[in-house]
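Just so it is clear, the values below take in all heavy atoms, side chains as well, and ignore hydrogens, waters and symmetry mates. Predicted, not measured: the structure shown is a model, and the values here were computed from it.
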Amino acid sequence: MALITLLTDFGLRDEYAGVMKGVIATVNPGARVMDITHGIDPQDVIHGATILAAAYAYFPPGSIHVAVVDPGVGGTRPILAVDCNGHRFVAPDNGLLDRVLMDHSADRAVYVENRRYFLERVSQTFHGRDIFAPVAAHLAAGLPLAELGPAADRSTLVRGVVPHPRPMGRDGLEGQVAAVDRFGNLMSTIRANDIKAMVGRQPEGQVMVEIRGHTIVGMASSYGSVAPMTLLAIIGSRGLLEIALRGGSAQNRLKAGKGDPVRVYLR
């Protein structure tokens with residue numbers, strides 16, 4: 001039986017995440033459920049898309065990933081079920097799958113419309129409970145994707161929510177801070193491959209990283225490679241450029257946050 005994972009912006013103070021697990025257990029008592037996180041910043045689709053893409057591949061192939069960061073809940077946005085890279089996703093069509101689909105095209109996608117697999121009463125504000133959770137439970141029990149609704153035109157799925165780095169001169173890139181973790185590390189939209197390609201065009205160049213008026217010279221090999229309370233630029237575990245402060249919070253030191261520009265260039 002497929003594993004179900006949950007990624008939401010619900011937090012843990014309210015009952016939302018627990019109730020979703022209760023619905024899954026009611027519909028499919030044998031289902032296994034694991035949390036990716038319920039700590040996505042409220043209504044922040046870019047944050048959710050970034051973390052989902054970083055996490056899903058570390059779960060077994062065939063896992064069903066339920067992602068609910070859904071500012072348009074109850075409105076006209078569709079709900080998708082998508083097969084991609086050996087995994088299955090149930091998510092609103094609002095760009096939450098943007099980063100997943102950036103690296104791997106969807107093999108199949110359908111609109112989740114068959115109310116037979118919803119709870120009997122569907123609220124306007126909690127589709128995580130009333131649609132996403134029961135649909136995932138049925139999929140884990142072997143329900144074919146096609147039973148959920150009509151095929152989706154994969155070319156029309158919402159994309160471009162997570163901004164791509166843009167060229168800055170011949171040997172530079174400008175991205176932005178996509179998220180801040182609990183340590184105060186600033187996660188950017190610039191990927192390791194972006195920097196690798198830039199360096200490949202000018203191998204003798206020195207990588208420079210600018211943010212909030214501060215310039216960091218070179219890429220650190222580890223947190224421990226710099227002195228305590230020193231700012232550093234590093235490729236983090238998610239494969240993204242991160243700005244950190246060894247032993248402290250780069251967010252606090254730089255007074256930086258989501259959306260702030262991050263520039264990388266060669267000197």
Side-chain angles (χ1 to χ4, degrees), residues 4-11 14-17 19-24 27 36-53 56 64-84 87-140 143-164 178-179 189 258-259:
I4 298 171
T5 76
L6 302 178
L7 177 145
T8 79
D9 59 352
F10 292 161
D14 301 302
E15 79 279 13
Y16 306 132
V19 166
M20 284 183 66
K21 295 177 185 179
V23 170
I24 292 170
V27 173
I36 293 178
T37 181
H38 298 292
I40 299 301
D41 292 337
Q43 304 181 27
D44 189 339
V45 175
I46 293 175
H47 187 196
T50 302
I51 299 303
L52 179 64
Y56 82 89
I64 299 163
H65 304 285
V66 179
V68 189
V69 182
D70 197 10
V73 61
T76 59
R77 62 88 186 94
I79 298 173
L80 297 169
V82 176
D83 283 342
C84 178
H87 293 251
R88 183 162 284 177
F89 301 85
V90 183
D93 185 18
N94 63 1
L96 194 52
L97 298 180
D98 189 12
R99 198 90 193 196
V100 170
L101 297 176
M102 190 182 298
D103 294 323
H104 302 278
S105 60
D107 300 311
R108 289 184 297 170
V110 302
Y111 293 116
V112 177
E113 297 179 357
N114 191 341
R115 297 183 67 91
R116 176 181 178 184
Y117 302 107
F118 302 175
L119 293 192
E120 184 176 352
R121 297 172 62 181
V122 175
S123 75
Q124 294 302 305
T125 62
F126 196 1
H127 287 182
R129 176 192 68 193
D130 303 331
I131 300 177
F132 291 88
V135 162
H138 285 294
L139 288 173
L143 181 74
L145 206 69
E147 290 293 315
L148 293 175
D153 182 347
R154 287 168 285 177
S155 68
T156 68
L157 304 185
V158 174
R159 304 292 303 279
V161 171
V162 180
H164 288 261
T189 56
K258 291 183 294 182

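Between P71 and V45 there is a side-chain heavy-atom pair separated by less than 4.5 Å. Considering only heavy atoms from C-beta on, I131 comes within 4.5 Å of I79 through its side chain. Using a 4.5 Å heavy-atom cutoff, the side chains of L143 and Y117 are in contact. Using a 4.5 Å heavy-atom threshold, the side chains of V68 and P92 count as separate. Side-chain contact check for I24 versus L6: some heavy-atom pair is nearer than 4.5 Å. Here the side chains of H87 and V82 are not in contact, with every heavy-atom distance at 4.5 Å or above. Side-chain contact between E15 and F10 is absent, with no heavy-atom pair separated by less than 4.5 Å. Side-chain contact between D130 and F118 is absent, with no heavy-atom pair separated by less than 4.5 Å.
When all heavy atoms of G11 and A17 are compared, the pair lying nearest together is O-CB, 4.3 Å. Taking both residues in full, the closest heavy atoms of G39 and T37 are given as N-OG1, 2.9 Å, listed atom of the first, atom of the second, then distance. When all heavy atoms of I46 and P163 are compared, the pair lying nearest together is CD1-CD, 4.1 Å. Taking all atoms of both residues into account, the shortest heavy-atom contact from V110 to G149 is CB-O, 3.8 Å. Pairing each heavy atom of H127 with each of G74, the nearest pair is CE1-N, 3.6 Å. Considering every non-hydrogen atom in both V23 and P134, the closest pair reads CG1-CD, 3.7 Å.
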Review point. So L7 and V66, side chain to side chain contact (heavy atoms under 4.5 Å, CB included) or not? Walk me through it.
Key: CA-CA 6 Å; L7 177 145; V66 179; over 6 Å; no
Check your understanding: Where do R129 and L119 land on the side chain to side chain contact (heavy atoms under 4.5 Å, CB included) test, with the steps shown first?
Key -> CA-CA 8 Å; R129 176 192 68 193; L119 293 192; 4.2 Å; yes
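Here the straight-line distance linking atom CG of L157 with atom OG of S105 works out to 11.0 Å at 0.5 Å rounding. For the atom pair OH of Y56 and CZ of R99, the computed distance is 12.0 Å after rounding to the nearest 0.5 Å. Expressed to the nearest 0.5 Å, how far CG of L148 lies from CG of L80 amounts to 11.0 Å. H65 NE2 to L52 CG: the interatomic distance, rounded to the nearest 0.5 Å, is 7.5 Å. In this structure, CD1 in I64 is found 6.5 Å from CZ in R88, a value given to the nearest 0.5 Å. Atoms OG1 and CE, on T50 and M102 in that order, are 8.0 Å from each other to the nearest 0.5 Å.
Panel note: side chain D98, backbone V162; a donor-acceptor pair is recorded below 3.5 Å. A side-chain donor-acceptor contact under 3.5 Å links D9 to the backbone of Q43. Looking only at distances, a side-chain donor or acceptor of N94 sits under 3.5 Å from a matching main-chain atom of V69.
Under the salt bridge (Lys or Arg N to Asp or Glu O under 4.0 Å) criterion, the residue pairs touching residues 104-124 are D83-R108, with sequence neighbours excluded. Evaluation of the side-chain hydrogen bond (donor to acceptor under 3.5 Å, both in side chains) test over residues 145-154, restricted to residues two or more places apart or in two chains, returns D153-S155. Every pair passing salt bridge (Lys or Arg N to Asp or Glu O under 4.0 Å) that includes a residue from residues 37-47 is listed here, sequence neighbours excluded: D41-K258, D44-K258.
A 6.0 Å sphere centred on OH of Y16 holds no more than 12 heavy atoms belonging to other residues, nucleotides or ligands.
In summary, the aromatic rings of F126 and F132 are positioned with their centroids too far apart to meet the 6.0 Å limit.
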